[in-house]
Amino acid sequence: MYAIAIHGGAGELPRPALSAAQEALYRGGLASALDLGYEVLERGGTSLDAVTAAVGALEDNPLFNAGRGAALTREGTAELDAAIMEGGQQRAGAVAAVRHVKSPIELARRVMEKSRHVLLVGAGAEEFALEEGLTLVPNAYFRTPERRAELDALRSGRTASELVPSPQGTVGAVARDAQGNLAAATSTGGMAHKRTGRVGDSPIIGAGTYARNGVCAVSATGHGEYFMRIVAAHHICAAVEYRGLTLQAALRETLARLGELGGSGGLISVDGAGRIAMDFTTQGMFRAVRDSAGLRQIAL
Ligand code: ASP
């Protein structure tokens with residue numbers, strides 16, 4: 001069986017705050033990213049290509065907190081983090097605090113495939129992007145009016161949800177291809193109003209992103225500091241591999257631990273057989289799933 005799941009962030013979203021028109025936009029964005037990734041799998045492509053395609057589409061969509069539409073730092077700039085991992089050789093690539101790379105997930109993949117490293121940050125990551133011929137854009141490309149309003153609200157001490165009808169909006173994907181290979185990818189602008197130089201869980205292998213063939217692939221969203229402290233994504237795969245937990249039970253346990261520490265968020269995952277599990281402790285998580293057994297669901 002081949003399968004893909006994606007998320008578009010978890011957060012505090014009072015449902016009535018989202019108008020029918022806005023809800024349709026979010027659902028449409030999720031649906032097109034989901035189907036783009038699924039079509040890769042359907043054509044016999046790899047899970048790595050499927051998660052790259054799905055996350056790339058969500059980065060380009062200004063509704064989500066990744067690529068264009070990223071949450072802003074205290075200074076009002078966009079600083080982007082992303083990671084990708086494949087479950088066979090467990091190769092991984094990640095970038096953090098980049099300001100000019102149009103598609104951070106594409107750069108993360110280049111780091112994995114074309115460099116000897118796993119994680120590149122800031123200026124060094126952007127130098128590598130230049131060498132690789134990736135598209136670089138002015139920082140203003142990422143900054144939308146909605147994200148500026150969100151930042152203004154946070155600066156003035158109001159909660160962002162009073163103004164902006166979106167959860168945090170980080171994006172991610174996990175997939176299993178027909179050959180049984182697992183992959184995970186995550187991309188984000190991080191937390192709104194973060195300090196310059198702050199790096200979250202998304203680009204930290206084992207925290208927000210992880211994949212191991214035969215076991216599971218995971219992408220996280222939520223308060224990154226907590227996911228890092230409990231090495232959430234790796235913890236889930238270890239619980240499945242060493243303690244025989246079902247993926248669903250491993251997600252619950254991990255979110256419960258996160259909650260004990262004061263954190264909240266959501267997780268999407270796929271196991272070695274292509275079964276998807278998703279869970280969250282926030283009010284909502286934008287998510288979608290599709291598999292070769294005919295399942296296709298989009299939920300907020
Ligand atoms: N986990 C991301 C971070 O802390 C944010 C999010 O998922 O919304 O950078």
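Just so you know, ligand 1 is whichever comes first in the structure, and atom 1 is the first atom listed for that ligand. In this chain, residues are counted from 1 in sequence order.
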Note to self: For R99, is there an ion pair with E126 - N to carboxylate O distance below 4.0 angstrom?
What the structure shows: no
Check: Would you call K194-E225 a salt bridge at under 4.0 Å N-O?
Finding: no
Next item on the list: Please indicate whether any nitrogen or oxygen in A220 is less than 3.5 Å from any nitrogen or oxygen in ligand 1.
Entry: no
Check: At a non-hydrogen distance cut-off of under 4.0 Å, which region of R198 contacts ligand 1 (side chain, backbone, both, or neither)?
Finding: side chain
Notebook entry, point to check: Looking only at non-hydrogen atoms, which of D201, T282, T188, V171 approaches atom 3 (C) of ligand 1 most closely?
Noted result: D201
Notebook entry, point to check: Any Lys/Arg nitrogen of E253 or R243 sitting under 4.0 Å from an Asp/Glu carboxylate oxygen of the other?
Noted result: yes
Check: If you count the atoms of ligand 1 from 1 in the order shown, which ones are under 4.0 Å from a heavy atom of T221?
Finding: 6 (C), 7 (O), 8 (O)
Next item on the list: Please indicate whether any nitrogen or oxygen in D81 is less than 3.5 Å from any nitrogen or oxygen in ligand 1.
Entry: no
Check: Between R257 and E260, does at least one N-O distance fall below 4.0 Å, as a salt bridge requires?
Finding: yes
Margin query: When you measure from the centre of the six-membered ring of Y38, is the NZ or CZ of R290 closer than 6.0 Å and no more than 45° off the axis?
Written below: yes
Check: Would you say ligand 1 has an N or O under 3.5 Å from any N or O of G222?
Finding: yes
Next item on the list: Determine, using heavy atoms of G9 and all atoms of ligand 1, whether some pair is separated by less than 4.0 Å.
Entry: no
Notebook entry, point to check: If you measure from atom 6 (C) of ligand 1 to every heavy atom of V199, I204, T170, N65, which option wins on shortest distance?
Noted result: T170
Next item on the list: Decide, yes or no, whether a salt bridge links D279 with R287 under the criterion of side-chain N to carboxylate O below 4.0 Å.
Entry: no
Check: Is E225 near ligand 1, meaning one of its heavy atoms is under 4.0 Å from it?
Finding: no
Checklist line | Closest non-hydrogen atom pair, E75 against R155 | finding: C-NH2, 3.8 Å
Next item on the list: Check ligand 1 against G190 and write out every atom of the ligand that is under 4.0 Å from a heavy-atom position of the residue.
Entry: 9 (O)
